[in-house]
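Below you'll find the structure, written out as structure tokens, and then a few comments.
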Amino acid sequence: MADNNKITPQNEDYSRWYLDVIREAELAEDSPVRGSMVIRPYGYALWEAIQSGLDRRFKATGHVNAYFPLFIPKSFLQKETEHIEGFSPELAVVTIGGGNTLEEPLVVRPTSETIIGHHYAKWIQSYRDLPLLINQWANVVRWEMRTRPFLRTMEFLWQEGHTAHATEKEAREETLRMLDVYVDFAENDAAIPVIKGVKSDREKFAGAVDSYTIEGMMGNGWALQMGTSHYLGTKFAQAFNVSFLDQNNVTQLCHTTSWGISTRMVGAVIMAHGDDRGLRLPPALAPIQVVIVPIWRKEAERGPVLEIADHVHASLRDEGMRVKVDRRDDQTPGFKFNDWEMRGVPIRIEIGPKDVQQQSAVLARRDRPGKEGKNFGVPLAGVAQETRTLLHSIQENLRHQALQKRTDNTHRVTSYTAFQDVLREQGGFLHVHWAGTTQDEERIQKETKATLRCLPMENAKEEGQCVLTGKRTNQTAIFARAY
RNA sequence: CGGGGCGUGGCGCAGUUCGGUAGCGCGCCAGCUUUGGGAGCUGGAUGUCGGAGGUUCAAAUCCUCUCGCCCCGACCA
């Protein structure tokens, strides 16, 4: 493998590796404002692929899109006590508009439960108006102390679903349905296996009754919350008087939910699959699934090579694949190979004079390094079929590798001593029996930097002893260092 | 907010100790030769040295003030 000096190896400094990949693959760059980033076209294309995978699933489950305003009267947030307490440290507030001090400060939305609650109260009168299933794609702002591109920025893009239901049962079903949509997206599109779980009181959304999460494992063994779904009970309905008349002409409060996935998902894709050569994108999300690199030595070879390259391009495009021919003539093939590998393109097709001669092409897969991942002499007639098969295989292989890594780095421990040792020496996820309190969680974080990621829902429910308190319990928990 | 570091062509940096014509690498532009794993040669363009004030014959360099950014920690999708 040719060394590259542009990307720091993961095991040397994972954090620098992450930043190097983002810079070299041109996903994003810093803006002049601390903690904000510019999402560059390639990074935005990746986000668009994520959006499209999610949006399709939202529509399929009966949701529609709408848009609510960026500015929210500050008093709205204050109507729900836990909500304002949770969010006030990270609010950006506008106090001056048009040169004059505003009568009421406007909060730049950190999330939209309140403004949406206000309008749902107007839209919902009768049980016939329910359920109300709306999603919005928007930007939000949270004043963060410590930021990282995609993982935590002051402004980020996301979708937030907000639904209102007649009964707790329906709302809880919705909460879990959308959690499953997220699981489906994460595993099948992003190729990242996730753990579904419940958040502890300490970690749950400010104003939720129950928060659910999907947690993925990143390349360094740290956890990343990749999506959340909340059952909000009647808390926001109460605060904003979101109520309806039921079949018996009795006024009832709505039960509401909210759920979101953000541009953090881009960070998840980078970290779950990337290697020392750069990005490795799952075909389902890759903005460019196949790149064709034409190769020629003599000017006379150029025409025939490009002709075949264009032909292959057309045949793959006609089958719905996202293909690009790299026609740059100021770069060598070797440069292009490395360049596209860094950008994570799943398949590279090389077409040179020898291939023209043999009416064949070379297929190279990104998920297998060097010659091992190259298939020489694929007949042109079979390239489209071969490419299609290969895309599926790469998608599956990335998911498999990520799952393998998570399995290898998930440890069951039964004592707090082992907990600390394993975390320090190996890292990864610690799967433990748990019956601790919020204070116990705080203590663990203080002593080990690990946090309670979730109480997994898929759980054998075997009885055991709490790793910290020793109490008997059949509840388990995942602890890990987290972003 | 505490601790550390840094502001010099587009990017990364040297130069600051000990004041004396602002440099290097990458990138960029032009030309020629190259092109199956990050091409070579030749020529060229690009700077209010973060800002303000001061000392001095002379300041990137010394002094004072100021602004900003990055890293580590406390909070977080």
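Numbers restart at 1 for each chain; the letters A, B, ... are given by sequence-line order, proteins then strands.
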Name the closest nucleotide to the [X] side chain, picking from [options].
X: A:Thr228; options: B:G38, B:A77, B:G36; result: B:A77
X: A:Asn338; options: B:G37, B:C72, B:A77; result: B:G37
X: A:Val362; options: B:A39, B:G73, B:G36; result: B:G36
X: A:Gln225; options: B:G36, B:G73, B:A77; result: B:A77
X: A:Arg146; options: B:G73, B:G36, B:G37; result: B:G73
X: A:Phe335; options: B:G37, B:A39, B:A77; result: B:A39
X: A:Pro333; options: B:U35, B:G73, B:A39; result: B:U35

Identify the nucleotide, in any strand shown, that forms a Watson-Crick or G-U wobble pair with B:U46, with both distances under 3.5 Å; if there is none, say none.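 Partner of B:U46: none found under 3.5 Å.
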Base paired to B:G19 (Watson-Crick or G-U; both N/O distances under 3.5 angstrom):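 With both distances under 3.5 Å required, B:G19 matches none.
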Which ones in residues 262-273 of chain A lie close to RNA chain B, meaning a heavy atom under 4.0 Å from one of its atoms?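 Nucleic-acid contacts, sorted: A:Ser262, A:Arg264.
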Determine, step by step, whether A:Ser393 and A:Arg365 satisfy the side-chain hydrogen bond (donor to acceptor under 3.5 Å, both in side chains) criterion, reporting the C-alpha distance in whole Å, the side-chain angles of both residues, the deciding distance to 0.1 Å, and the verdict. CA-CA 10 Å; A:Ser393 164; A:Arg365 55 189 294 178; 3.2 Å; yes
Honestly, is A:Arg142 close enough over A:Phe156, meaning NZ or CZ under 6.0 Å from the six-membered ring centre and within 45° of the axis?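 No, A:Arg142 does not lie over the aromatic ring of A:Phe156.
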Taking only the side-chain nitrogens and oxygens of A:Thr332, find out if one of them lies under 4.0 Å from OP1 or OP2 of B:A39.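 Yes, within the criterion.
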Heavy atoms, side chains only, cut-off 4.5 Å: are A:Phe419 and A:Ile444 in contact?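 Yes, close enough: below the 4.5 Å cut-off.
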Side chain to side chain donor-acceptor pair (under 3.5 Å) contacts touching residues 280-289 of chain A (sequence neighbours left out):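 Pairs touching residues 280-289 of chain A that pass the test: A:Arg280-A:Gln401.
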Is there ring stacking between A:Phe156 and B:A77, where the centres must be under 5.5 angstrom apart and the planes under 30 degrees?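 Here the ring of A:Phe156 and the base of B:A77 are stacked, with centres under 5.5 Å and planes under 30°.
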Expressed in angstrom and rounded to an integer, what is the separation of [X] atom [atom1] from [N] atom [atom2]?
X: A:Arg481; N: B:C75; atom1: CZ; atom2: P; result: 13 Å
X: A:His162; N: B:A77; atom1: NE2; atom2: C1'; result: 13 Å
X: A:Arg40; N: B:C11; atom1: CZ; atom2: P; result: 13 Å

Centroid-to-centroid, A:Phe205 to A:His83, below 6.0 Å?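 Ring centroids of A:Phe205 and A:His83 are less than 6.0 Å from each other.
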Say we look at [N] and [M]: how far apart would their [atom1] atoms be, to the nearest angstrom?
N: B:U42; M: B:C70; atom1: C1'; value: 39 Å
N: B:U21; M: B:G15; atom1: C1'; value: 14 Å
N: B:A22; M: B:A58; atom1: P; value: 15 Å
N: B:G7; M: B:G12; atom1: C1'; value: 13 Å

Go through the steps to decide whether A:His230 and A:Ser211 satisfy the test side-chain hydrogen bond (donor to acceptor under 3.5 Å, both in side chains), and finish with yes or no. CA-CA 4 Å; A:His230 314 290; A:Ser211 284; 2.7 Å; yes
Does the base of B:G37 carry an N or O that pairs as donor and acceptor with the side chain of A:Glu341 under 3.5 Å?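 Side chain to base: pair found, below 3.5 Å.
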Is there a donor and acceptor pair, one atom on the side chain of A:Arg277 and one on the base of B:G38, closer than 3.5 Å?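 Looking at the base of B:G38, it does not pair with any donor or acceptor on the side chain of A:Arg277 (distance under 3.5 Å).
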Salt bridge or not for A:Glu442 and A:Arg202, using N-O below 4.0 Å?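 A:Arg202 and A:Glu442: salt-bridged.
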For A:Trp259 and A:Phe58, run ring pair (Phe, Tyr, Trp, His ring centres under 6.0 Å): C-alpha distance rounded to whole Å, both residues' side-chain angles, the deciding distance at 0.1 Å, then the answer. CA-CA 11 Å; A:Trp259 26 273; A:Phe58 298 158; 5.1 Å; yes
